[in-house]
Amino acid sequence: MSTTSIPADRYAARLARAQEALPAEDAYALLIGVGADLQYLTGYGAHELERLTMLVLPAVGRATLIAPRLELAPAQACTAAQAGLIDLAPWEETEDPFALVAARLEASDSRPEIQMGALGGTWGRLGGLLVSDRLWATFLLRLQATLPDAAFGLASTVLAPLRATKDAEEIELLRRAAHAADRVVEQIAAGPLIGRTEADVSKEVLDRLVKEGHDEGSFAIVASGPNSASPHHGPGPRVIEAGEPIVLDIGGRLEGYWSDTTRTLWVTGETDIRPSDEFTALYEVLEGAQAAQRAAVKPGLAAAQLDAVGRDLIADAGYGENFIHRTGHGLGLSLHEEPYLIEGNTLPLEEGMVFSDEPGVYFPGQFGIRIEDTVVCTAAGGRRLNEATRELRVMA
Ligand code: ZN
Ligand code: ZN
Ligand code: ZN
């Protein structure tokens, strides 16, 4: 997976900001396994393996990427390694990579500097190690056994706030991903749909996501008729019929960055079974709430306040009970990350935050409707990265 769109100086700044944030968390190093955090800090979009790959980033000094010998070539190819921002330490098949992590920590300048004050050189609570949140248990248990006196915490305390605000290149990648998904929505909406199974249409979506520029098509919810009442319906053998809605919620990754968009369609068939007035009115309530939310976006507004904007409109129309999930989630190198637009989240929106705006209403056994865009918070307000029409498409 190429990461050439993000220049090396971005990685230098991210590594430095992560290091600067460590002392405030009483931590002296980040231990980052394969995943979005590693890609964020180095540009390395590694595959998950049972062999340990780990970036050791001490609060002071250089970072080391510890990688299995057989993964050396892709590890060396990442932007941070190419630019000389990090050192590489390959381990041989019979070596203990956890001992290598411990040795790198031992050799780093950070430990004594941060720790001496309160605890005088012992590894105690003040000597925390922050591990990537999704590090496999098998790796964490081995780390704990190798470093029995260290206190472990989550890297998200340092990295989530950094990752939540996107720089210009990240926003451009998210925009490209969003537009690619928009094109797929248009292609699927052009039909034919009636008479095909959800699973068949879903497969077509995944193929088209790649054809339109994603590195990988990741999910394609095709929820027809009563299945549309289940927000995360798994596309199955149900055959799409005339006179019903279809909720399409699709996404993939482009250079690691996610698209995630939802449109609700209505297929009439030859006999022209159009949506009822009630369905159309409900669709308009949802479309209005989704647009009002986007229009309310501004730096400083709490995530929970934004959630309330659309939720109140839907509740006022009498459908509060049918809106059963949060309004949205941040997205970037992870599909779900801060800011979560949900009641209780006091996190203030900031310029550069990117999140989904996706209210939905669901009537079990009958139907559901959802509309989802990716939105970026700018100084001038919320800007949609999607451009596919949000109006109800009624088609044959
Ligand atoms: Zn979802
Ligand atoms: Zn979605
Ligand atoms: Zn979403």
Side-chain angles (χ1 to χ4, degrees), residues 11-12 14-23 25-35 37-44 46 48-116 119 121-155 157-159:
Y11 293 104
R14 292 171 187 179
L15 289 163
R17 289 181 70 195
Q19 285 183 304
E20 285 158 19
L22 282 170
E25 300 298 330
D26 289 338
Y28 66 91
L30 282 171
L31 301 179
I32 304 299
V34 170
D37 288 336
L38 182 64
Q39 186 158 4
Y40 178 77
L41 290 169
T42 67
Y44 185 24
E48 294 200 293
L49 293 173
E50 78 289 2
R51 296 183 177 94
L52 183 75
T53 291
M54 178 157 278
L55 181 74
V56 179
L57 178 60
V60 179
R62 282 174 69 81
T64 305
L65 180 58
I66 291 169
R69 167 76 66 193
L70 77 168
E71 300 298 320
L72 192 58
Q76 271 171 335
C78 78
T79 306
Q82 286 293 305
L85 301 172
I86 58 172
D87 297 325
L88 245 82
W91 58 275
E92 304 298 335
E93 202 74 323
T94 54
E95 258 186 303
D96 175 6
F98 301 93
L100 210 52
V101 171
R104 286 286 153 170
L105 290 171
E106 199 72 49
S108 81
D109 302 329
S110 317
R111 198 159 62 92
E113 211 170 291
I114 292 167
Q115 210 190 354
M116 282 309 191
L119 293 180
T122 58
W123 291 32
R125 283 234 46 98
L126 201 63
L129 296 171
L130 304 184
V131 298
S132 36
D133 293 31
R134 298 180 190 182
L135 187 71
W136 288 356
T138 178
F139 295 143
L140 178 58
L141 290 175
R142 292 286 302 277
L143 284 172
Q144 287 178 320
T146 306
L147 301 159
D149 298 323
F152 287 88
L154 292 178
T157 54
V158 164
L159 295 180

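Everything numeric in this text was worked out from a predicted model, so none of it was measured.
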Asker: Check salt bridge (charged side-chain N to carboxylate O under 4.0 Å, His left out) between Glu93 and all other residues, then give those that pass, not counting sequence neighbours.
Answerer: Arg51
Asker: Excluding sequence neighbours, so at least two apart, what forms side-chain contact (heavy atoms from CB on, under 4.5 Å) with Arg14?
Answerer: Ile6, Arg10, Tyr11, Tyr40, Leu41, Asp167, Glu170, Tyr257
Asker: Once ring pair (Phe, Tyr, Trp, His ring centres under 6.0 Å) is applied, do any residues pair with Phe139, and if so which ones, sequence neighbours excluded?
Answerer: Trp136
Asker: With sequence neighbours excluded, tell me which residues meet side-chain contact (heavy atoms from CB on, under 4.5 Å) with Ala16.
Answerer: Glu20
Asker: If the condition is salt bridge (charged side-chain N to carboxylate O under 4.0 Å, His left out), which residues does Asp96 pass it with, not counting sequence neighbours?
Answerer: Arg142
Asker: Going by atom type alone, with no hydrogens or angles, which donor-acceptor pairs under 3.5 Å involve a side-chain atom of residues 56-64 and a protein atom two or more places apart or on another chain?
Answerer:
residue	atom	partner	partner atom	Å
Arg62	NE	Asp87	OD1	3.0
Arg62	NE	Asp87	OD2	3.2
Arg62	NH1	Gly84	O	3.2
Arg62	NH2	Gly84	O	3.0
Arg62	NH2	Asp87	OD1	2.8
Thr64	OG1	Arg104	NH1	3.4

Asker: Restricting to side-chain contact (heavy atoms from CB on, under 4.5 Å), what partner residues turn up for Gln82, sequence neighbours left out?
Answerer: none
Asker: Under the side chain to side chain donor-acceptor pair (under 3.5 Å) test, which residues partner Glu92, sequence neighbours left out?
Answerer: Arg69
Asker: Rounded at 0.5 Å granularity, tell me how far CG in Leu129 sits from CG in Leu105.
Answerer: 5.5 Å
Asker: What residues form a side chain to side chain donor-acceptor pair (under 3.5 Å) with Arg134, not counting sequence neighbours?
Answerer: none
Asker: Once you round to the nearest 0.5 Å, how far does CG of Leu135 lie from CG of Leu154?
Answerer: 10.0 Å
Asker: In this structure, which one of Leu49, Leu65, Val34 forms a side chain to side chain contact (heavy atoms under 4.5 Å, CB included) with Glu71?
Answerer: Leu49
Asker: Partners of Ala21 by side-chain contact (heavy atoms from CB on, under 4.5 Å), sequence neighbours excluded?
Answerer: Val158
